[in-house]
Amino acid sequence: MAIKSILNLNPPSGFRDFNADTIHKRNFIINIIKNQFELCGFEPLETPALEYTDILTGKYGPEGDKLIFRVLDSGNPFEHLKPESWQDISTPESLLSLKNRLAEKSLRYDLTIPLARYVAHNINKLVLPFKRYQIQPVWRGDSPQKGRYREFMQCDADIIGSASLHHDAELVLLYANVFEILKIPVTIKINHRGFLEYFLNYCKTQSPNVEAHFNLTKFCNVIDKADKIGWQKVSQELVALGFDSSMVARLEAFMNLPQYHFLQNIIISIDTLKQFFGDETDSSHLEPTDNHSYHNIVNQSFYTDFSELHNYFNLSGLSAKKPFEYCKIVWDFGLARGLNYYSGIVMEVVVDNEVCKTKYDTQIKMGSIGGGGRYDNLTAMFGVPNLNGIGISFGLDRIYDVMDALKLFENIPTKHQSKVIFFNLGEVGFNKSFELVHVLRKLGYPCELFPTQQKLDKQFKYAESLEYHFACFIGENEISKNEMIIKNLRTREQQIISLETQANFVEAFKHFINKN
RNA sequence: GAGGGCAUAGCUCAGUCGGUAGAGCAACAGUUUGUGGCACUGUGGGUCGUGGGUUCGAGCCCCAUUGUUCUCCCCA
């Protein structure tokens, strides 16, 4: 008889249950990431699921604000509201404002803002630079689809209170090490937002029709689409926004500079970059009128960042031939990224489908599986100015999906390798088995007893489905001879073990386990 | 926020032209054996997501609704 509930037994859309098998695989990934974090000197931090709504809003852009899960105040959330304030929900802004007032607390949207809040709160106790890693779920009210969930795990490592560029290089290498171990072919893209900001400011001086409030974030959003819709449409859009068409052409030439591939022949070097910006000397009409000197790029801070980072990569041996099998590290002048708070170096990790094709004969359609960047002065919004920060994030759920698609979990031992089950052959043997189970558990072997005396094929099937490696038999025959049978469930090899003394039993048991 | 697909047994799905429902697997029971995965026999289980409409008649056509999934947007 089918028992049908009128309730929907699915978890809410975009939320998931995880079974044992999935959790073992997720832990496998998490342990590798955590290990790399600790090798680099990061210490763990956990923050609560809920933050005050005011802490979160306004940090992720207007789109982000809409996606924050708000938690309705307990008690009567309407109590403190004047009636007129909740009657006006005619505009999206007033509706959002009302929601914020009904929900004092919200689920965290990422791990970076809670970190900034934590640092600002504890600034007097912390030793700087503060290096912490954090592996916890975050929640976004996005519409779920492939590779996008409403509850997902982020694995972040951040350094607060140090402007040294070596961290930026270190984090890129950390990315590379993790994906190298996981055997996921990736491209780690790097850029400096300064280049884009510089271009934007310069374009604006040359294009009086561009609206003053057209900022870097909006600029990034427009040019970020170049990959998908092509440069022709992007340049049309920019011209429509008031940009001078010669500047747009110039920007296109810049963005289309070949990607700087750190692992192969150097296609574009610092010199060619200098050349790119320097060769405008003939075009007097481009001569800027303000201190955003077009030719003065080598004096810009982002330019020194760029060359310094370049040095660290050389020191780390990245320019050597083939330091990584699965990772490419490239400089991509077109990389923009969406979040508001990034100010310097930005990074993004995407699956490298060319290598997937050659190594795994398959291709993966998936958004970025990691991202990060430098966000100078992030804690200023919480009243603690002049702190530099940089961080990266691994998207665990997407990494999992990619590994699953590439069949990378096969041949990976995610479970204990010597699980033991005692079959049930009747009460006398059961009692002896119960005794031995506790001996083995003390020695660190996971064991279980089959609870009822069922047909052996049932017991075998149970053991098989739960991936037990060894089965022990103690029935009346064995009890009478004071012995037990142990069987390797994979090879089907079996052996008789004497139960005369516990020491002998343990010795023989270990011997059998170890040789299998 | 915009736009598609799908919804039939526990699972994966068939179901032709509109004529009251099928398979495989799984489950359960049995046969043989104190050492399995095989085989054989049998059994149970479906208001075809929900609500309307068209029709003599709807799993099938139409509308609505809910769930689910995917794409765009944006992101991890």
Can you sort out the partners of Asp156(A) under salt bridge (Lys or Arg N to Asp or Glu O under 4.0 Å), two or more places apart, ordered by chain and number? none
Looking at every strand, decide which applies to Lys458(A) at a 4.0 Å heavy-atom threshold: base, sugar-phosphate, or nothing. sugar-phosphate
Would you please indicate if the ring centroids of Phe423(A) and Phe450(A) are separated by under 6.0 Å? no
Mind checking the P distance from U68(B) to G49(B)? Whole angstroms is fine. 16 Å
Go through G34(B), U32(B), A76(B) for me and flag the one nearest to the Lys455(A) side chain. U32(B)
Would you jot down, in residue-number order, the residues of residues 360-380 of chain A having a non-hydrogen atom under 4.0 Å from RNA chain B? Lys365(A), Gly367(A), Ser368(A), Ile369(A), Gly370(A)
The answer to which of Glu476(A) and Lys461(A) contacts RNA chain B further toward the 5' end, by nearest nucleotide, is Glu476(A)
Just call it for Asp397(A): base, sugar-phosphate, or nothing, with non-hydrogen atoms closer than 4.0 Å on any strand. nothing
Under the rule for side-chain hydrogen bond (donor to acceptor under 3.5 Å, both in side chains), what residues qualify as partners of Lys487(A), not counting sequence neighbours? none
So, Gln134(A) versus Thr47(A): side-chain donor-acceptor pair below 3.5 Å or not? yes
Spacing of Gln454(A) atom CD relative to A27(B) atom P, expressed in whole Å: 12 Å
Protein-nucleotide distance (Ile188(A), atom CD1; A76(B), atom P), rounded to Å: 16 Å
At 4.0 Å (heavy atoms only), tell me whether Leu396(A) reaches a base, stays on the sugar-phosphate, or touches nothing. nothing
Considering only the P atoms, how many Å lie between A26(B) and U12(B), rounded to the nearest integer? 15 Å
Quick one: the side chain of Gln459(A) and the base of G34(B), do they pair up donor-acceptor inside 3.5 Å? no
For Lys131(A), salt bridge (Lys or Arg N to Asp or Glu O under 4.0 Å) partners two or more places apart: Glu170(A)
Tell me the interatomic distance from Tyr462(A), atom OH, to A26(B), atom P, rounded to whole angstroms. 19 Å
Output the single nucleotide from G36(B), G1(B), G34(B) whose closest atom is nearest the side chain of Leu425(A). G34(B)
Using a cut-off of 4.0 Å on non-hydrogen atoms, how would the nucleic acid contact of Ile399(A) be classed: base, sugar-phosphate, or nothing? nothing
Given the C1' atoms of U8(B) and A58(B), what is the spacing between them in whole Å? 14 Å
Inter-nucleotide C1' distance (C75(B), A14(B)), Å rounded: 39 Å
How would you label the contact of Tyr149(A) with the nucleic acid (heavy atoms, under 4.0 Å): base, sugar-phosphate, or nothing? base
Give Ser13(A) one of three labels, base, sugar-phosphate or nothing, depending on what nucleic acid heavy atoms sit under 4.0 Å from its own. sugar-phosphate
Only counting residues at least two apart or in another chain, list the ones meeting salt bridge (Lys or Arg N to Asp or Glu O under 4.0 Å) with Glu435(A). Lys432(A)
With C1' as the reference atom in both, quote the distance from A76(B) to A23(B) in angstrom, rounded to an integer. 42 Å
Secondary-structure string, 5' to 3', Watson-Crick or G-U under 3.5 Å, | for another-strand partners, for RNA chain B: (((((((..((((.....[..)))).(((((.......))))).....(((((..]....))))))))))))....
Measure from CZ on Phe430(A) to C1' on G34(B) and round the result to the nearest Å. 18 Å
Can you tell me how far P of A76(B) sits from CZ of Phe179(A), to the nearest Å? 13 Å
Would you kindly say whether Asp401(A) and Tyr149(A) are connected by a side-chain donor-acceptor distance under 3.5 Å? yes
Taking the nucleotide of RNA chain B with the closest heavy atom to each, which residue, Lys146(A) or Asn488(A), is nearer the 5' end? Asn488(A)
Distance between P atoms of G18(B) and C13(B) (Å, rounded): 25 Å
Looking at G34(B) and Phe473(A): do their rings stack (centroid distance under 5.5 Å, interplanar angle under 30°)? no
Tell me what Gly147(A) touches on the nucleic acid: a base, only sugar-phosphate, or nothing, going by heavy atoms under 4.0 Å. base
I'd like the C1' distance from U16(B) over to A21(B), given in whole Å. 15 Å
Pick the P atom in U69(B) and in A27(B), then give their distance to the nearest Å. 27 Å
Quick one: ring-ring contact (aromatic ring centres under 6.0 Å, His included) partners of Phe42(A), sequence neighbours excluded? none
Checking all strands, does Glu493(A) fall into the base, sugar-phosphate, or nothing category for heavy-atom contacts under 4.0 angstrom? nothing
Within the structure, does a side-chain N or O atom of Gln145(A) lie under 4.0 Å from either OP1 or OP2 of U71(B)? yes
Is Lys461(A) paired with Asp457(A) through a side-chain N to carboxylate O contact shorter than 4.0 Å? no
Using salt bridge (Lys or Arg N to Asp or Glu O under 4.0 Å) as the criterion, list what pairs up with Arg490(A), not counting sequence neighbours. none
Quick one: which of U71(B), G34(B), C75(B) gets closest to the side chain of Glu478(A)? G34(B)
Residue pair Tyr462(A) / Gln454(A), side-chain donor-acceptor N/O under 3.5 Å: no
Residues that Tyr326(A) engages under side chain to side chain contact (heavy atoms under 4.5 Å, CB included), provided they are two or more places apart: Glu180(A), Lys183(A), Pro185(A), Lys359(A), Tyr360(A)
